[in-house]
Amino acid sequence: MQSSVAHDRVWIDKQTPGVYHALESVAIAVRNAAAAVDLGRAVMELVNVRVSQLNGCPFCLDLHARAAREAGVTAQQLDVLDAWRRAPYLFSEQEQAALILAETVTSLPDEGIVEREYAAARQHLSDDQISVLIWAATTIGAFNRVSILSKHPVRVRKEN
């Protein structure tokens, strides 16, 4: 198979499409699991955006910020998401708990911090919701790595 490159990068989603399709299947399973445990689309998109911010993935930020707005996340929430802990009143307890898990999964801090953050999230989420959110953060993190390492471009679009 011929290599698909963006500048000097292999587009691994195109180069090994079977693996990428498997990752897409995981994302669909996570989305379905979220719906089954009453995690709304807005919560899931906040997780996608926050993890993508932490990983610095411009392609996923562009995609999921638009999806978040479509899911009902406010412009103000997106504007301050990077500093959400300093403006918790803009986010529901469930959203805050989801963001705690998203950051913990993405940064994998030392065990003491993991225990503290997990306990904080557990106050507002069921075991099923915790499981789905950890899968969600893990999955978007994988997509971030695919896009960053493939150097997927963000297409300029006209704003409304």
Side-chain angles (χ1 to χ4, degrees), residues 13 19-150 152-155 157 159-160:
D13 52 325
V19 176
Y20 186 75
H21 293 312
L23 183 58
E24 287 178 322
S25 294
V26 171
I28 290 166
V30 169
R31 189 174 321 130
N32 293 337
V37 299
D38 295 322
L39 287 170
R41 194 80 197 126
V43 170
M44 300 305 288
E45 290 303 336
L46 281 169
V47 167
N48 288 336
V49 173
R50 185 65 186 126
V51 172
S52 298
Q53 284 177 332
L54 292 168
N55 287 326
C57 183
F59 184 86
C60 294
L61 279 167
D62 183 56
L63 176 72
H64 289 285
R66 282 184 286 133
R69 286 189 295 274
E70 290 170 9
V73 175
T74 68
Q76 187 178 28
Q77 286 175 305
L78 287 172
D79 290 346
V80 302
L81 186 57
D82 191 44
W84 71 269
R85 289 179 190 256
R86 293 191 172 119
Y89 46 87
L90 293 177
F91 300 89
S92 71
E93 290 177 338
Q94 185 184 61
E95 290 167 340
Q96 291 177 55
L99 292 168
I100 287 169
L101 284 177
E103 290 179 352
T104 302
V105 169
T106 305
S107 65
L108 289 175
D110 70 56
E111 193 59 27
I113 294 171
V114 170
E115 287 296 326
R116 184 187 74 228
E117 299 289 61
Y118 201 101
R122 191 164 218 157
Q123 292 176 25
H124 305 287
L125 299 168
S126 70
D127 288 355
D128 287 338
Q129 290 172 327
I130 289 170
S131 179
V132 169
L133 286 163
I134 290 172
W135 276 111
T138 300
T139 304
I140 189 62
F143 279 112
N144 291 163
R145 283 151 180 78
V146 168
S147 290
I148 291 167
L149 294 171
S150 296
H152 289 158
V154 175
R155 305 223 188 283
R157 62 180 184 280
E159 297 296 329
N160 296 346

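Note that the structure is a prediction, hence the values are computed from the model and not measured.
Listed by first then second residue, pairs satisfying side-chain hydrogen bond (donor to acceptor under 3.5 Å, both in side chains) with a partner in residues 104-119 read Arg85-Glu117, not counting sequence neighbours.
The structure places CG of Asn48 at 10.0 Å from CG of Leu61, a figure rounded to the nearest 0.5 Å. Here CG of Leu101 is found 14.5 Å from CH2 of Trp135. Values are rounded to the nearest 0.5 Å.
At distances below 3.5 Å, not a single donor-acceptor pair connects side-chain atoms of Ser131 with backbone N or O atoms of Asp127. Gln77 places a side-chain N or O within donor-acceptor distance of the main-chain N or O of Leu90, the cut-off being under 3.5 Å. Using modelled atom types, one side-chain atom of Gln96 and one backbone atom of Pro88 make a donor-acceptor pair closer than 3.5 Å. In this structure a side-chain-to-backbone donor-acceptor pair under 3.5 Å is present from Asn144 to Ile140.
Residues Asp82 and Arg50 form a side-chain contact, since some pair of their non-hydrogen atoms from C-beta on lies under 4.5 Å apart. Thr74 places none of its side-chain heavy atoms less than 4.5 Å from the side chain of Arg69. You'll find the side chain of Val47 stays beyond 4.5 Å of the side chain of Leu39, heavy atoms only. Side chains of Arg86 and Val80 form no contact here, defined as non-hydrogen atoms less than 4.5 Å apart. Within the 4.5 Å cutoff, the side chain of Glu95 has no heavy atoms near those of the Val73 side chain.
Checked by atom type, the side-chain pair Glu45/His64 shows a donor-acceptor distance below 3.5 Å.
The two atoms that bring Gln129 and Asp38 nearest to each other are NE2-O, 3.7 Å, heavy atoms only. The heavy-atom pair separating Ile100 from Ala120 by the smallest distance is CD1-CB, 4.0 Å.
Summarising the local packing, CZ of Arg155 is surrounded by 12 or fewer heavy atoms from other residues, nucleotides or ligands at distances under 6.0 Å. Trp84 CH2: more than 12 foreign heavy atoms inside a 6.0 Å radius.
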